[in-house]
Amino acid sequence: MSIAEADPNGIIQCTPPKSARFLHRLLRRKLAVAGIAYLLALIVTAIVAPIALSHIAGQSAGSLDAVRAQPSLHHHLLGTDELGRDVLDRLFVGTRITLVGVGTAVLVVLAIGVPLGLAAGYFGGWIDRIVTWVSDLLFGMPGIVVVLLVLAVFPYSMLAAMTAFGVLVSPAMIRVVRVSVLPIERELYIAAARAAGLSRPYIIVRHVLPRVSGAIIVQTSVMAGLSLIAQSGLCFLGLLVRSPAPSWGGMVADGLQLIIQDPWLIWPPGILIAVTVLVLGLLGDVSRDALTEAWAAPVRSRRRPVTAAIGDISDEADAGALLSVRGLNVVFQSRGAHTRVVDGVSFDIAPGETLGLVGESGCGKSATAMSIVGLLPGTGQVEAGSIFFGGRDLATLSDRELHQVRGRDIAVISQEPMVSFNPTLRIGRQLAEIVRRHHHVSRAAARSRVLDLLAQVQLPDPAAVAASYPHELSGGMAQRVAIARALAGEPSLVIADEPTTALDVTVQAEILELLRELQANRGMAILLITHDWGVVAEMCQRAVVLYAGQVIEQGPILPVFQEPRHPYTKGLLTANPHGVPSSEALPAIPGTVPAPGQWPIGCRFKDRCVLATGECGDGTIPLEPVGTRREARCLHSAMLEGECA
Ligand SMILES: Nc1ncnc2c1ncn2[C@@H]1O[C@H](COP(=O)(O)OP(=O)(O)OP(=O)(O)O)[C@@H](O)[C@H]1O
């Protein structure tokens, strides 16, 4: 079977990169080859020339019968200066000091700019504020004055001057890296990597850094060009190199003094500096293009709008439950105000049970589920409530402690598997890093475990899949790989956030069947977020229905299906396409879910409810028992007793 086949429903289509290897892609570009050759020639010259032409550095006079000789093929290729010294030899020898200066500044810029930019962009918050403040401070400093002060303290010290220069220009690198990290930090595969239990430093180094390397390379080339200009400027002023040692900038200064008598002398060092700056810029550009070529593959995905929900029970955690959520409130912060999006949600999941979380889009299903593993997006935070799991309240754990839980105890499968993988790394490598994180095994053992996992999710050619990049997989295959990743830590609970939404109907059925089989074999529990009652009926033992951040009904599947006790549940079931012949129009619940912050007093569903009466708006409507292990939040629940959906 070809791993490059398209998803049957065409949901995800990508253009494969022409080559996976950066160097290979780079060397296909003629400009890059020319640029690299030029820089290599400079480096070789910088190493060899001072040794081969060791007399040049201290030469204060050349042949006095050839003072200011014109360029000649036979004697002096680029002529001689006013002291009869060969211009070409001096350029060769001056290359080392130039490259050392540029290298020093670039290393300082990278050492400061990359870690600080990554930290500011990835962590945000106070780290970002401090880094931005320091950057602004450095930017505001009068650069040339600082460098001159440094040279006053360390006369002729190339190291001190170029280190100071590197520090002063490093904010440019910090800003570029920070801005490049911001969109990546929000990508689903970063959240998936965290959900799989990978640590933040690891994610930054292995997943974020390679993605921003294009921007870093371009910025490095710009910085190298700037450093060359600065270094040449300081040499021009005679502040870095003592006469008679040659430097490119110093030779420009010598040429300037004789510009009337012999204008030629200014050209060789001037052209060399200009060409080198140009080459550095071009090389940065082509390297960036080569690096990003593999990532330019557009990933199109389609996500259906959702319908789903969760519920309330007693305040006590169920002792037999694997997970007990109690009175969970989730808020998002915006412009200083907190908006509650999940309000007093409680439910239990027994070991090995599949619980369906159902409700329309925006009801708070994902916020509820993600708060369990401490991965709420943006400014989201748990405001109140408990999440009991394995004898601990996950809501009180630090991120470091939750890190031990993610992937190993609780794993997450997202609805968009394709974007939950790093597009630049092969599948096998991505799975192996998670296996090694959880099991501390050798690379070889991790590789073999990856193949085993891929076989368990019934992928026909595990080795080929492991060697593939995410874009080379169809949507169904990617979801199987995502399930394999979730299994890597052998979790006892899997949170599956609409795992089949983006898939074709046939593939959906296969994935559900796979989940069922894996669950039966491994005895793990599943929290299944879905808007599809067909999926709930097929997979779940119990359902929790959420509406406007609250549980409005929860109970075992059969009675909920046969005799829903909340008008919203009944409306959802009636609107379920599985229950309506295709020739008939699909009944819909009139109106929309009220947005968080605009929830009405009393029953939040009352404006859309056919049973609503005046008392529905009178105050908080409690979640009441309506049968064995069933609850509903409706004053008119008894009116639905005995009615079928
Ligand atoms: N990062 C965020 N910042 C601010 N508000 C958010 C954020 N993420 C979600 N919300 C809000 O929280 C509410 C609940 O969102 P949530 O994603 O949990 O709903 P959902 O039921 O899972 O819907 P869907 O099925 O569409 O994902 C929504 O009103 C949403 O606008």
Side-chain angles (χ1 to χ4, degrees), residues 124-125 182-188 190-192 194-195 301-312 325 328-347 355-385 387 395 412-417 419-420 495-503 508 526-533 535-536 543-554 568-569 571-572 575-576 589 591-600 604-605 608:
L182 287 175
I184 296 169
E185 188 269 332
R186 292 183 201 118
E187 282 190 27
L188 202 56
I190 298 296
R194 288 192 65 203
S301 64
R302 192 173 65 203
R303 184 181 159 187
R304 276 185 240 150
V306 188
T307 334
I310 309 183
D312 290 41
V325 175
L328 180 70
N329 286 359
V330 174
V331 293
F332 282 99
Q333 200 177 8
S334 172
R335 297 195 193 101
H338 283 94
T339 305
R340 190 176 295 172
V341 301
V342 172
D343 189 13
V345 164
S346 302
F347 61 90
L355 179 76
L357 201 50
V358 195
E360 287 169 284
S361 196
C363 284
K365 306 179 296 292
S366 300
T368 301
M370 288 305 110
S371 62
I372 295 171
V373 278
L375 290 178
L376 282 165
T379 57
Q381 62 188 77
V382 173
E383 182 196 39
I387 302 165
V412 178
I413 302 172
S414 76
Q415 60 183 283
E416 304 218 43
V419 289
S420 74
I495 297 173
D497 190 350
E498 304 197 43
T500 56
T501 296
L503 304 174
Q508 272 187 19
I526 300 180
L527 174 60
L528 184 65
I529 299 174
T530 179
H531 63 283
D532 187 336
W533 283 100
V535 173
V536 176
V544 170
V545 186
L546 275 190
Y547 185 77
Q550 282 183 324
V551 174
I552 53 90
E553 178 160 9
Q554 69 91 18
Y568 178 61
T569 316
L572 283 181
N576 170 29
I589 308 173
T592 53
V593 184
Q598 293 167 14
W599 292 331
R604 292 176 188 172
F605 185 61
R608 305 171 72 187

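Read the numbers this way: they start at 1 and go in the same order the structure lists the ligands and their atoms.
When only modelled atom types and interatomic distance are considered, Glu553 and Thr569 share a side-chain donor-acceptor pair under 3.5 Å.
Ligand 1 has at least one atom lying under 4.0 Å from a heavy atom of Glu360. Taking 4.0 Å as the cut-off, Pro596 counts as a neighbour of ligand 1 on heavy-atom distance.
Ile552 is not listed as a side-chain neighbour of Phe605, based on a closest heavy-atom distance of 4.5 Å or more. Taking the side chain as every heavy atom from C-beta outward, Thr368 and Leu328 approach each other to under 4.5 Å.
Only the side chain of Glu498 comes within 4.0 Å of ligand 1, judged by heavy-atom distances. Proximity of Ser366 to ligand 1, defined as any heavy-atom pair under 4.0 Å, is shared by backbone and side chain alike.
A salt bridge links Arg608 with Glu360: at least one charged nitrogen is closer than 4.0 Å to a carboxylate oxygen.
Some N or O of Ser361 is nearer than 3.5 Å to an N or O of ligand 1, by distance alone. By the 3.5 Å distance cut-off applied to N or O atoms, Gly364 is counted among the residues near ligand 1. In terms of polar-atom proximity, Phe332 is not counted as a contact of ligand 1, lacking any N or O under 3.5 Å from an N or O of the ligand. Polar contact with ligand 1: absent for Val341 (N/O pair, distance under 3.5 Å). Ligand 1 has an N or O atom lying under 3.5 Å from an N or O atom of Ala367, backbone or side chain.
A side-chain donor-acceptor contact under 3.5 Å links Gln508 to the backbone of Thr500.
Under the side chain to side chain donor-acceptor pair (under 3.5 Å) criterion, Ser371 pairs with no residue, sequence neighbours left out. For Arg340, the salt bridge (Lys or Arg N to Asp or Glu O under 4.0 Å) partners are Asp343, Glu383, not counting sequence neighbours.
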